[in-house]
Amino acid sequence: MIRQAKESELRTKREEMVRRQIAARGIASPRVLAAMRSVDRSGYVPSWLGEFAYDDTALPIEEEQTISQPYIVAFMLDALELDPNDRVLEVGTGSGYAAAAIAEIAARVFTIERFEKLSKLAEQRLARDGYTNVHVRCSDGTLGWPEEAPFDAIVVAAGGPEVPDSLRRQLRIGGRLVMPVGEQVGMQELVRVRRLGAETFRTERLADVRFVPLVGKEGFQVDLRRESVRAVAPSRSLLVGECAEPFSDLESADLDPLCSRLASARVVLLGEATHGTSEFYRMRARITQRLVERHGFTIVACEADWPDAARIDHYVRDREVPRGEWQAFARFPAWMWRNRETRDFVDWLRARNMDRPLGQRVRFAGLDVYGLYASIDAALRFVDVHMPEAAKLARERYACLTPWQSDPAAYGRAAADGQWRSCEADVALVLQDVLAHRVERMKTTDEDWFEAMQHAHVVRDAEAYYRAMWRGSAESWNLRDAHMADSLGRLLDFHGPAAKAVVWAHNSHVGDAAATSMSARGEWNLGELCRERFGDASVRLGFGTDRGVVAAASYWGGPMERKAVRPSHAHSFERICHDAAIPAFVLSFREPKKEELRTEFHRETLQRAIGVIYRPETELQSHYLHAALSRQFDEYVWFDVTTAIDPLQVAELEGMPDTYPFGI
């Protein structure tokens with residue numbers, strides 16, 4: 001019974017994947033859709049990634065390779081125009097997933113993998129699932145499988161500088177070859193080559209894609225992601241060293257040159273390369289303190305939930321606000337803000353604020369879209385007190401979301417499937433009522449109204465975010481960052497033209513997404529939106545490290561671990577900084593010591609990004625993106641070796657006053 005239930009669940013997931021991720025994007029071939037429904041993707045990924053098998057994304061597998069996004073597999077199969085009698089050559093077996101899908105359509109499949117471990121694993125998986133028409137071997141795929149040629153179709157699951165001539169020659173006349181082509185690793189164009197005659201080929205360009213490099217005699221001669229760049233990039237490291245502003249100690253570093261470059265901005269965005277590195281938190285705190293004390297910054301806004309951060313704000317500005325019956329910073333990942341580094345800054349901010357009248361105290365705010373039900377609670381408390389005539393109706397409207405309180409993501413899935421009606425109109429009407437309340441009262445400095453209005457915005461945007469999660473693509477990411485940008489804009493508008501904000505968020509949010517591989521996925525972010533709204537009055541500062549220890553989990557919802565950060569990849573910007581041989585420094589792209597610095601890093605380089613989850617065993621696929629640093633950031637802070645943040649222990653919080661934001 002348990003096995004049958006599991007198989008039924010997997011069939012349902014495959015049906016959903018095909019409907020939402022493949023058919024909805026225009027793949028109409030009945031053969032391709034049937035093949036994608038038939039193969040269990042969870043059987044072709046590492047066991048610890050099984051829960052993500054049907055996500056709309058590529059996933060890491062063994063040997064630092066990847067299993068392609070389901071849509072890309074289907075797109076390539078569709079482009080091959082397969083027939084049931086076809087003989088197909090696949091180059092790049094990987095986990096065996098695509099070979100299984102091809103085998104559902106074609107008569108025979110010959111698949112080549114250059115990594116012996118992968119070829120053996122794929123052979124075992126394919127045999128387990130009964131694919132007797134698939135033949136696997138370990139060799140140089142760029143040379144093809146000449147003794148089995150010609151082939152009706154050839155598909156290459158890695159990007160090469162050009163289509164290997166050996167593969168062209170092994171196509172039968174009338175055959176189709178589909179392959180990513182491009183000189184730059186991870187930035188390719190998917191092409192289809194048709195053999196029209198003995199020496200005649202026609203090439204069609206299909207789409208921009210990102211694949212691992214095709215390594216072999218007729219591809220790249222080495223794996224460009226693995227080979228050291230020390231022999232080819234010393235000039236870049238030397239340039240970084242010449243332009244760096246070194247400091248020997250974080251606590252005593254002279255920040256005047258950096259802060260003078262930031263001072264004229266209205267928005268300063270301070271990043272982090274991980275969510276769990278002590279040096280990043282402490283340096284952000286030092287920079288923020290200097291901007292507050294000397295340059296008139298009035299708001300500190302962070303990548304945290306609005307209701308949770310409001311607890312900190314009430315504490316640091318000593319505002320008496322009734323507390324809801326919930327614990328702040330309790331959801332995963334609790335350590336991201338419930339740590340000693342954040343607490344030390346919060347205590348400093350409160351002490352500074354207490355010497356000033358309420359109107360001159362620096363505000364602390366959260367920008368993120370999470371905290372749905374805490375925001376519902378806060379919005380309803382405002383309505384109860386200030387809009388009693390609308391309280392009953394507001395509760396009825398928010399009741400649409402009540403059944404999903406323990407798992408708002410489940411609401412998004414149910415609404416996307418049509419199993420539960422969308423609450424979009426209901427939550428929008430509550431926000432509309434709260435906004436109308438301000439118009440009626442015509443108060444421009446009503447803190448209670450502003451907080452309630454922002455809570456209502458959180459509810460509206462979170463409802464849309466959870467629905468978007470199940471539609472795939474970049475929509476949910478874009479909704480989240482648009483919400484953060486809008487929240488920041490509302491804060492600045494509410495506090496007036498003299499207001500200036502410092503933002504704390506991950507590099508992936510504060511750097512300009514248009515300068516990274518995120519843009520190729522259709523994603524934008526907070527940094528890009530701030531650039532569009534504020535222009536030169538917004539400044540983006542990134543952080544980086546080579547190695548050390550980070551606080552992170554191994555999977556979503558998992559416990560915090562102290563994990564060793566691997567030394568940076570040989571082809572990454574982090575390696576260039578490490579090879580500069582300066583333990584810590586500031587690097588300015590906004591006002592570089594040499595204009596050559598800005599020009600040199602105008603082209604894309606690998607960059608590492610570690611969030612709340614860190615998987616060093618698949619670091620290249622899981623944690624690197626491409627970025628043009630001098631366009632992504634205006635300033636950059638480097639620590640060669642870093643340590644993990646220090647999460648607050650329960651014993652440290654016992655006996656604290658009820659107003660303390662990190663209370664238990």
Subject >> Geometric class of the W145/F110 ring pair [parallel <30°, tilted 30-60°, perpendicular >60°] >> reply: perpendicular

Original post:
Once the angle between the rings of H506 and H509 is folded into 0 to 90°, is it parallel (under 30°), tilted (30 to 60°) or perpendicular (over 60°)?
Top reply: perpendicular

**OP:** Return yes if a side-chain donor-acceptor contact under 3.5 Å exists between E279 and T642, otherwise no.
**Re:** no

**OP:** Indicate whether the side chain of E218 and that of S166 have a donor and an acceptor atom separated by less than 3.5 Å.
**Re:** yes

**OP:** Answer yes or no on whether R128 is positioned over the face of Y44, meaning its NZ or CZ is under 6.0 Å from the six-membered ring centre and within 45° of the axis.
**Re:** yes

Original post:
Cation-pi between R194 and F201: NZ/CZ under 6.0 Å from ring centre and within 45° of the ring axis?
Top reply: no

Salt-bridge contact [X]-[Y] (side-chain N to carboxylate O under 4.0 Å):
{"X": "E62", "Y": "K117", "answer": "no"}
{"X": "E199", "Y": "R169", "answer": "yes"}
{"X": "R19", "Y": "E15", "answer": "no"}

Subject >> Test side-chain contact (heavy atoms from CB on, under 4.5 Å) applied to S554 - qualifying residues, sequence neighbours left out >> reply: E561, K563

**OP:** Only counting residues at least two apart or in another chain, list the ones meeting side-chain contact (heavy atoms from CB on, under 4.5 Å) with V45.
**Re:** L49, A53, L59, I67

Subject >> Partners meeting side chain to side chain donor-acceptor pair (under 3.5 Å) with S568 (sequence neighbours left out) >> reply: D546

Subject >> Ring centers of F601, F573 separated by less than 6.0 Å >> reply: yes

